[in-house]
Structure formats: C-alpha cells, structure tokens
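Each remark here refers to the structure printed beneath this line.
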Amino acid sequence: DQQVKQNSPSLSVQEGRISILNCDYTNSMFDYFLWYKKYPAEGPTFLISISSIKDKNEDGRFTVFLNKSAKHLSLHIVPSQPGDSAVYFCAASGSGTYKYIFGTGTRLKVLA
Amino acid sequence: EAEVAQSPRYKITEKSQAVAFWCDPISGHATLYWYRQILGQGPELLVQFQDESVVDDSQLPKDRFSAERLKGVDSTLKIQPAELGDSAMYLCASSLVESTGELFFGEGSRLTVL
C-alpha cells in the first residue's frame, strides 16, 4: 500500500514558467512533509518542508502548499530554470517519529 | 559544509557473494537511516537508528541484511548472500534529534548484482 503517491511520473515546463508538482498521502497521522530534489548518481537534496500546522511555506522560488482535508500537497517552482531539471520526491512522517515515507518521484524537465 | 560520507560509490558483485556499505553521518547527528532506492521508485526505509539503537527495521530483510551502528556514529549495512533483486542505490541519511527533521543524504552506493 503506497502511503505517499506522486501520480505524475514526469513533467515538462518551459523556462520561466511555473512548475507544479503534486503529492497525495493516505495516512491522516502524517504531520510533517519534505520535498527533495535528486540529480542522477547523487543523493537527494533537501528543498523545503511544511508542518501540518501551516498551509503554506515559501523559500525563494519554492513554495509548498498543504491541503490537509484533501491529504494533498504541492510544490510550486517560480520561475522554473533549466537547473531545476531533476527528480522531485515528497516525503511524509507522523507524530515526531522522523520515519519518512517517500513518494515515487516526478521527473521535471525545464526546457530552455 | 558537513556531509554524509558513504562508500563505496559503486559496487559490482556476483549473486551469493557478501557486500558491505559504510556510512559516516554528519557529526552530532544522532539519527541515522539506511534507504534503498530501486530505479524508478522512491527511497524505501530499511533501518533507522537512534544513536546505537535500532528504532525501526521492519522493512529490513533480516534473512540476508544486517545493519549496525556500534558506537552510535558510523554504520555498516551488510548483505549476505546478495541476490539479483538487491541491485539498487543504497542511501544513507542522518538528522538531528528534535530538529525540523530534515534528512541529509549521502551520495549513495550503487550496487549491481550479476
């Protein structure tokens, strides 16, 4: 049973436009969410996080939105840059366990 | 900038052989994780340590996999015997206790079993 789902395996966006990556979860006990970026042959790099007490968190070009009722979060990248081309993973954990469940990832390609 | 160190970066082995991976977390990070990532999938947690104690190893195939963190610092993940299906990237991550919970990953160890 996949508790964290990223239903879009890939996404292509023009440089300068907005990229929206989506993530859904099934476990209502999840209360902390992370987004990671991964380049080939490298480990994942932390991007941004959000706690369930918030519905939005911003860091530069990256904004994460959380809709708890829908069990859905999204990562917005504005403006998108070619260097953003990578695989993006969302991850979720619950109740201070720091046990993170990862989604299957979305491959983002930003076209110059 | 402090990093999580992993070795080897690449390992090719034949099935039924033994293989070991090493991880040195960021200094002061009490929590250490081993994840396995199969191509096209997300990282899957194998084992989580808090200092030298195992917090969660429910997804670790204990008939062939073992993990230890004897002094609560660096850690070793062993597979014996390796099977074809073990081919994957093995990722180590660490985090501070009682922090935001952000995980810092190493570059990973790519295992190919022939």
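Letters A, B, ... are given to chains in the order of the sequence lines, protein chains preceding strands, and every chain is numbered from 1. Fair warning: this is a prediction, and the values are worked out from it, not measured in the lab.
Note on A:L75: it clusters hydrophobically with A:L11, by side-chain heavy-atom contacts below 4.5 Å among ILVMFWY residues. Note on B:F105 and B:L46: separate hydrophobic clusters, where clusters join Ile, Leu, Val, Met, Phe, Trp and Tyr whose side-chain heavy atoms are under 4.5 Å apart, directly or indirectly. In terms of hydrophobic clustering, with Ile, Leu, Val, Met, Phe, Trp and Tyr side chains grouped at heavy-atom distances under 4.5 Å, A:I50 and A:F62 are assigned to a common cluster. Both A:I48 and A:L73 are part of a single hydrophobic cluster, where members link through side-chain heavy atoms under 4.5 Å apart.
Looking at B:Q48, only its side chain comes within 4.5 Å of chain A, counting heavy atoms on both sides. Both the backbone and the side chain of A:A41 come within contact range of chain B, judged by heavy atoms closer than 4.5 Å.
Note that CZ of A:F102 is 9.0 Å distant from CD of B:Q37, once rounded to the nearest 0.5 Å. Expressed to the nearest 0.5 Å, how far OH of B:Y33 lies from NZ of A:K99 amounts to 11.0 Å. Rounding to the nearest 0.5 Å gives a distance of 10.0 Å between CG of A:L47 and CD of B:E102. How far OH of A:Y100 is from OG of B:S95: 7.0 Å, rounded to the nearest 0.5 Å.
The heavy-atom pair separating B:P43 from A:G103 by the smallest distance is CD-O, 4.4 Å.
Heavy-atom contacts from other residues, nucleotides or ligands closer than 6.0 Å to CZ of A:R17 number 12 or fewer. Heavy atoms of other residues, nucleotides or ligands lying less than 6.0 angstrom from CG of A:L111 number more than 12. The environment of B:K62 atom NZ is dense: over 12 non-hydrogen atoms of other residues, nucleotides or ligands sit within 6.0 angstrom. More than 12 heavy atoms of other residues, nucleotides or ligands lie within 6.0 Å of NZ in A:K68, so this atom counts as buried by the packing criterion.
When the heavy atoms of residues 106-114 of chain B are compared with those of chain A, the residues falling under 4.5 Å are B:G106, B:E107, listed by number. Scanning residues 75-92 of chain B against chain A with a 4.5 Å non-hydrogen threshold yields B:M89, B:L91, sorted by number.
Under the 3.5 Å distance criterion, the side-chain polar atoms of A:Y36 are matched with a main-chain donor or acceptor of B:L103.
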